[in-house]
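These notes are about the structure you will find just below.
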Amino acid sequence: MTGLAFELLKTDGAARRGCLHTAHGLVNTPAFMPVGTAGTVKGMLPEQVKATGAEILLGNTYHLMLRPSAERVAQLGGLHKFMNWPGPILTDSGGFQVMSLTGLRTLDADGVTFRSHVDGSKHRLTPERSMQIQHLLDSNITMAFDECTPFPATHEQAASSMRLSMRWAERCKAAFTERSGYGLFGIVQGGVYEDLRAESVEALNGIGFDGYAVGGLAVGEGQEEMFRVLDVTTPLMLKDRPRYLMGVGRPSDIIGSVRRGVDMFDCVMPTRSGRTGQAFVRRGQINIRNARHAHDERPLDQECHCPTCTHYSRGYLHHLFKAGEMLGPMLLTGHNVWFYQDLMASLRSAIEEGRFEDVATAWEAGLAQGDIPATDDPLKTTAPVEV
RNA sequence: UCCGGCGUGGCGCAGCGGUAGCGCAGCGGACUGUUAAUCCGUUGGUCGUAGGUUCGAAUCCUACCGCCGGAG
């Protein structure tokens with residue numbers, strides 16, 4: 001439990017500014033972890049990811065165990081060396097797939113049996129095996145193997161799901177190999193029910209983890225409900241442990257969650273949306289495929305200093321997407337990850353300076369404003385007036 | 001010049017007697033611990049032109065126009 005040191009440097013309201021010390025380097029919090037599921041942040045070189053300011057990545061037990069296998073990654077030097085990311089790595093436990101692979105899995109008290117989406121072969125994941133895999137991957141932050149309670153769920157369903165996760169959490173703790181600079185996070189479940197969330201936090205405290213994750217949110221309950229759950233959950237947590245809200249989220253989700261005392265995030269949004277033409281900018285979101293960007297000479301975001309915004313116009317990016325060129329998704333992904341890191345850096349310094357509310361509110365106002373339309377297309381022909 | 005084939009939304013095609021569909025493109029949406037460079041929705045045509053047959057034609061007949069192939 002002392003494998004990972006977390007320093008709480010400053011607080012501003014419930015917002016926290018901290019620093020996590022891992023065997024592979026420091027992580028300044030609040031932090032956003034780009035998702036590198038299969039040993040790569042899709043569409044980006046590790047050097048580019050690092051240049052965005054990201055200090056820690058998320059990797060995935062489920063995907064790597066199926067391909068190329070945890071043992072193979074270990075044989076090739078561990079995940080850091082394998083993917084050329086020398087910095088800290090957190091790995092998901094495979095628990096989320098327990099939910100998302102509905103139809104391909106069978107859950108029992110001991111663990112989960114499921115079929116590979118790659119070749120249909122049968123596999124089994126238990127708390128012990130998940131710990132072993134994450135150890136083989138050489139993950140700095142191992143996540144407990146849990147069941148992500150679906151939404152909606154009745155109180156009864158959420159309770160039994162959460163209690164199963166808590167029993168598994170205990171087994172994870174027992175199976176985890178403690179090392180300096182490495183840690184294990186427990187995952188709070190309980191759906192949208194305050195009493196269950198409290199019971200879960202208490203259970204995790206009893207077991208003893210290096211950090212808390214909040215799971216089972218952003219699964220369809222809506223932002224307001226998610227914030228409500230955070231409001232009643234984070235205050236119950238020990239102050240000296242990092243808090244990680246799993247799978248979240250949009251920029252406004254992150255701002256609101258930092259406001260409620262969350263320290264770490266991960267989400268596919270910047271990478272997946274980048275691949276599909278959606279760019280996150282200070283005034284909200286834009287879909288670069290929309291015709292209105294075809295003649296736009298401006299960058300995605302006038303205030304962004306990322307390589308994409310420094311060198312390429314919206315018109316060019318629009319062209320790349322329309323032409324199906326792979327550079328389009330690459331440049332947009334790069335921008336989005338950079339944007340997320342800019343947001344996090346801004347929130348961190350705001351907390352340090354004791355101006356979190358001002359800065360957070362300014363971001364929120366900007367995001368709600370919406371994009372400024374381009375000037376008229378100079379190539380647009382004027383329709384004849386007379387008939 | 002003759003013979004044959006074809007002319008259906010921007011492009012490529014289906015429909016071959018009961019008042020037109022599909023793919024792509026175009027336009028727009030989604031995406032929250034990645035089974036996803038993915039998925040969803042949607043605007044366009046009256047069927048080369050002119051006649052004729054028929055209760056009714058994109059579908060049958062005639063002529064013309066255009067394109068393609070073959071023959072000469």
Side-chain angles (χ1 to χ4, degrees), chain A residues 32-44 57-67 90-105 114-120 123 130 134 139 141-151 165 185-189 212-223 225-226 244-254 256-257 262 264-280 285-294 318 320-333 336 340:
Chain A
F32 179 83
M33 304 182 278
V35 175
T37 304
T40 165
V41 176
K42 297 182 195 297
M44 291 182 79
L57 299 187
L58 178 143
N60 197 282
T61 291
Y62 170 81
H63 298 266
L64 293 170
M65 75 183 277
L66 294 181
R67 192 169 49 189
L90 174 150
T91 46
D92 187 21
S93 64
F96 185 68
Q97 278 67 38
V98 172
M99 178 189 84
S100 63
L101 290 175
T102 305
L104 289 177
R105 51 90 173 175
F114 60 92
R115 288 193 174 280
S116 161
H117 71 279
V118 178
D119 60 7
H123 296 263
S130 180
Q134 295 183 73
S139 172
I141 300 178
T142 291
M143 297 306 300
F145 185 67
D146 68 335
E147 185 199 23
C148 181
T149 307
F151 178 86
S165 287
F185 280 23
I187 304 174
V188 182
Q189 291 290 348
Y212 302 92
V214 180
L217 289 182
V219 289
E221 76 283 0
Q223 190 186 68
E225 186 74 342
M226 177 175 85
Y244 161 34
L245 179 54
M246 307 186 80
V248 173
R250 298 192 184 85
S252 69
D253 296 327
I254 291 175
S257 301
V262 175
M264 301 167 67
F265 303 87
D266 85 279
C267 189
V268 301
M269 198 67 75
T271 43
R272 181 186 288 166
S273 286
R275 261 175 284 134
T276 59
Q278 207 77 205
F280 292 91
Q285 275 178 252
I286 65 177
N287 185 341
I288 199 61
R289 292 178 319 187
N290 288 171
R292 66 193 181 88
H293 298 116
H318 172 83
L320 291 176
F321 269 88
K322 301 308 273 189
E325 288 292 338
M326 66 171 82
L327 186 56
M330 288 167 66
L331 289 175
L332 227 60
T333 299
N336 282 345
Y340 267 63

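Heavy atoms only: backbone and side chains are in, while hydrogens, waters and symmetry mates are out. Bear in mind that the values here come from a model prediction, so they are computed numbers and not experimental data.
Spacing between rC67(B) and rC27(B) at atom P, rounded to whole Å, works out to 32 Å. The gap from the P atom of rU43(B) to that of rC55(B) amounts to 37 Å, rounded to the nearest Å. Remark: the separation of the P atoms in rG29(B) and rG12(B) is 30 Å, to the nearest Å. Rounded to whole Å, the P atom of rC22(B) lies 15 Å from the corresponding atom of rG9(B). A gap of 14 Å separates the P atoms of rU59(B) and rG15(B), to the nearest Å. Spacing between rG23(B) and rU42(B) at atom C1', rounded to whole Å, works out to 15 Å. For rC11(B) and rG7(B), the C1' atoms lie 15 Å apart once the distance is rounded to whole Å. rG56(B) and rG18(B): their P atoms are spaced 15 Å apart (whole Å).
Base pairing annotation: rA30(B) forms a Watson-Crick or G-U wobble pair with rU38(B), both donor-acceptor distances under 3.5 Å. rU43(B) is unpaired under the criterion used here, namely a Watson-Crick or G-U wobble arrangement in which both key atom distances are under 3.5 Å. Remark: rG12(B) base-pairs with rC22(B); criterion is Watson-Crick or G-U wobble with both hydrogen-bond distances under 3.5 Å. Using N1 to N3 plus N6-O4 or O6-N4 for Watson-Crick, or N1-O2 and O6-N3 for G-U wobble, each under 3.5 Å, rC67(B) pairs with rG5(B). The base-pairing partner of rU59(B), taking Watson-Crick or G-U wobble contacts with both distances under 3.5 Å, does not exist among the strands shown.
Contact annotation for Gly328(A): no contact, since no heavy-atom pair falls under 4.0 Å across all strands. Contact annotation for Asp266(A): backbone-only contact, meaning every heavy-atom pair under 4.0 Å involves sugar-phosphate atoms and none involves a base. At a threshold of 4.0 angstrom between heavy atoms, the contacts of Gln285(A) with the nucleic acid are absent. In this structure, Leu217(A) reaches neither bases nor backbone, as no heavy-atom distance under 4.0 Å exists between it and the strands shown.
Regarding contacts with the backbone of rG33(B), every side-chain N or O of Asn60(A) stays at 4.0 angstrom or more from both OP1 and OP2. Taking only side-chain nitrogens and oxygens, Lys322(A) comes nearer than 4.0 Å to OP1 or OP2 of rG26(B). One finds no side-chain N or O of Lys42(A) lying less than 4.0 angstrom from the OP1 or OP2 phosphate oxygen of rU38(B). Neither OP1 nor OP2 of rC39(B) sits under 4.0 Å from any side-chain N or O of Thr276(A).
Taking 3.5 Å as the limit, the base of rG28(B) and the side chain of Asn287(A) contain no donor-acceptor pair of atoms between them. Judged by distance alone, with hydrogens and angles left aside, Arg275(A) brings a side-chain donor or acceptor within reach of the base of rU34(B), the pair sitting under 3.5 Å. In terms of polar N and O atoms assigned as donor or acceptor, the side chain of Thr271(A) comes within less than 3.5 Å of the base of rU34(B) in a complementary pairing.
Summarising the geometry, the separation between CZ on Phe265(A) and P on rG33(B) is reported as 14 Å, rounded to the nearest angstrom. Taking atom NE2 of His293(A) as the reference point, atom C1' of rC27(B) lies 14 Å away to the nearest angstrom. Between the CG atom of Leu64(A) and the P atom of rG33(B) there is a distance of 16 Å, given to the nearest Å. In this entry the distance linking CZ of Phe321(A) with C1' of rG29(B) reads 15 Å, nearest Å. Straight-line distance from the CG atom of Asn290(A) to the P atom of rG29(B): 4 Å, rounded to whole Å. One interatomic measurement links the two molecules: CZ of Arg272(A) to C1' of rG29(B), which rounds to 16 Å at whole-angstrom precision. Atom CZ in Arg289(A) sits roughly 10 Å away from atom P in rA30(B) (whole-Å rounding). The distance between atom CD of Gln278(A) and atom P of rU38(B), rounded to the nearest whole Å, is 15 Å.
The closest side-chain heavy-atom distance from Leu332(A) to Phe321(A) is below 4.5 Å. Two residues are said to be in side-chain contact when any heavy atoms from C-beta on lie closer than 4.5 Å; Ser165(A) and Ile187(A) fail this criterion. Within the 4.5 Å cutoff, side-chain heavy atoms of Asp92(A) are placed close to those of Gln97(A). Looking at Thr333(A) and Thr271(A), their side chains come closer than 4.5 Å, going by heavy atoms from C-beta outward. Between Met226(A) and Val248(A) the shortest side-chain heavy-atom distance falls below 4.5 Å. Annotation: side chain of Met33(A) is not in contact with side chain of Leu57(A) (no heavy-atom distance under 4.5 Å). Proximity of Leu320(A) to Leu331(A): side-chain heavy atoms (C-beta onward) are separated by under 4.5 Å at one or more points.
If Leu58(A) and His318(A) are placed on RNA chain B by their nearest nucleotide, the residue sitting closer to the 5' end is His318(A).
Every ring-ring contact (aromatic ring centres under 6.0 Å, His included) that Phe32(A) has, sequence neighbours left out, goes to Tyr340(A).
Closest to the Met269(A) side chain, of the nucleotides rU34(B), rU35(B), rC31(B), is rC31(B). Comparing rA37(B), rC31(B), rU35(B) by their nearest atom to the side chain of Met326(A) picks out rA37(B).
In the model, Thr91(A) has a side-chain atom that pairs as donor or acceptor with a side-chain atom of Gln134(A) under 3.5 Å.
Using a 90° window around 0 for the glycosidic torsion, rG44(B) falls inside it and is classed as syn.
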Might you list the N or O atoms of the protein lying below 3.5 Å from N or O atoms in nucleotides 40-43 of chain B, with each pair's distance?
none

For this session: Test Tyr62(A) against His117(A) for ring-ring contact (aromatic ring centres under 6.0 Å, His included), laying out the working first.
Result: CA-CA 10 Å; Tyr62(A) 170 81; His117(A) 71 279; 5.6 Å; yes

